[in-house]
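Data first, discussion second: the structure below is written as structure tokens.
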Amino acid sequence: MAEIDLVNRDPNNINDHLKVTFEDILAEPEGIHSMDCVWSNSYKCFNCWKNLCYMIATLCCGICIAAEWGCEFAEIAFVHIWYITPCFKICELNCGCLQKLYGMCVHCCLDPCCEGCGNLFNAFKKG
């Protein structure tokens, strides 16, 4: 098993859309500003509560949800390994048999016609 990276926890950037900062949510345009202490404390509160609520939610639910997702992907792997892939193999084998049968029917029906046309055009060529 690969070593877990505790620093870069989204190496494939699948959750880039969740990189939300204070500046993405709250902004005071020029000409309308709150007091500096309100703005700086709002910044601190936003980040504190965002991080605290996320920590509490992951502490309470993260392990159970990760276990459920592990079970879900295990079920998908199980179904693919023990059901879907063998069904594809059965289909491949049966289609191979049907392909041979179809080929024999086409040769049986079309070969005489094609040979007759070939002989007919061959006769025009000689004449």
Side-chain angles (χ1 to χ4, degrees):
M1 188 184 309
E3 194 69 27
I4 189 166
D5 187 352
L6 294 176
V7 176
N8 184 10
R9 297 185 184 192
D10 188 8
N12 298 327
N13 299 317
I14 60 173
N15 285 314
D16 265 355
H17 62 286
L18 296 175
K19 291 181 180 175
V20 178
T21 63
F22 178 78
E23 294 82 5
D24 295 326
I25 306 302
L26 298 171
E28 293 181 331
E30 286 298 320
I32 186 159
H33 286 184
S34 59
M35 292 183 284
D36 289 347
C37 66
V38 171
W39 189 249
S40 63
N41 284 319
S42 296
Y43 175 84
K44 291 173 187 170
C45 283
F46 175 88
N47 287 311
C48 177
W49 281 101
K50 181 181 80 163
N51 293 333
L52 182 63
C53 289
Y54 183 78
M55 291 293 181
I56 291 170
T58 56
L59 178 66
C60 293
C61 304
I63 293 172
C64 294
I65 292 172
E68 195 280 325
W69 280 118
C71 291
E72 185 73 29
F73 283 100
E75 178 195 9
I76 289 169
F78 175 81
V79 168
H80 275 259
I81 292 167
W82 292 99
Y83 185 73
I84 293 174
T85 302
C87 284
F88 279 140
K89 193 63 177 177
I90 287 171
C91 189
E92 181 184 329
L93 292 171
N94 287 331
C95 286
C97 188
L98 291 173
Q99 184 180 17
K100 285 182 182 180
L101 177 63
Y102 177 75
M104 287 188 322
C105 291
V106 167
H107 285 299
C108 192
C109 296
L110 292 181
D111 281 358
C113 294
C114 291
E115 285 178 25
C117 288
N119 288 335
L120 179 68
F121 289 117
N122 193 25
F124 285 128
K125 181 182 172 188
K126 290 181 181 176

Exercise for the section: Report the hydrophobic cluster partners of W49, with the cluster defined as I, L, V, M, F, W, Y residues connected by side-chain heavy atoms closer than 4.5 angstrom, directly or transitively. Expected result: L52, I56
Handout entry: Heavy-atom pair with the smallest gap, counting every atom of T85 and I81
Key = CB-O, 4.4 Å
Practice task
Report the residues that fulfil ring pair (Phe, Tyr, Trp, His ring centres under 6.0 Å) with Y102, sequence neighbours left out, ordered by chain and then residue number.
Solution key: none
Fill in the blank from the handout: Closest non-hydrogen atoms of H80 and P86, given as atom of the first, atom of the second and distance, are O-CD, 4.1 Å
Exercise for the section: For atom CG of D36, decide whether the heavy atoms of other residues, nucleotides or ligands shown that lie under 6.0 angstrom number more than 12. Expected result: no
Problem - Partners passing side chain to side chain donor-acceptor pair (under 3.5 Å) against S42 (at least two apart in sequence or in another chain) - result: none
Practice task
Taking ring pair (Phe, Tyr, Trp, His ring centres under 6.0 Å) as the test, write out the residues that go with F88, two or more places apart.
Solution key: none
Handout entry: ILVMFWY cluster membership beyond I4 - transitive side-chain contacts under 4.5 angstrom
Key = L6
Problem - Results of side chain to side chain donor-acceptor pair (under 3.5 Å) for D111 - residues two or more places apart only - result: H107
Exercise for the section: Grab the two heavy atoms, one from P112 and one from C108, that are nearest each other, plus how far apart they are. Expected result: CD-O, 3.3 Å
Problem - Contacts of type salt bridge (charged side-chain N to carboxylate O under 4.0 Å, His left out), residue D16, not counting sequence neighbours - result: K19
Exercise for the section: Using the salt bridge (charged side-chain N to carboxylate O under 4.0 Å, His left out) rule, collect all pairs that involve residues 72-91, keeping only residues at least two apart or in two chains. Expected result: K89-E92
Exercise for the section: Kindly state each residue pair satisfying ring-ring contact (aromatic ring centres under 6.0 Å, His included) with at least one member in residues 9-43, sequence neighbours excluded. Expected result: F22-W39, F22-Y43, F22-F46
Problem - Connected-component partners of Y54 among ILVMFWY, side-chain separation under 4.5 Å - result: none
Practice task
Could you tell me whether I63 atom CD1 has more than 12 heavy atoms of other residues or ligands within 6.0 Å of it?
Solution key: no
Completion exercise
Applying side chain to side chain donor-acceptor pair (under 3.5 Å) to N51 and not counting sequence neighbours gives none
Practice task
Report the hydrophobic cluster partners of M104, with the cluster defined as I, L, V, M, F, W, Y residues connected by side-chain heavy atoms closer than 4.5 angstrom, directly or transitively.
Solution key: L101
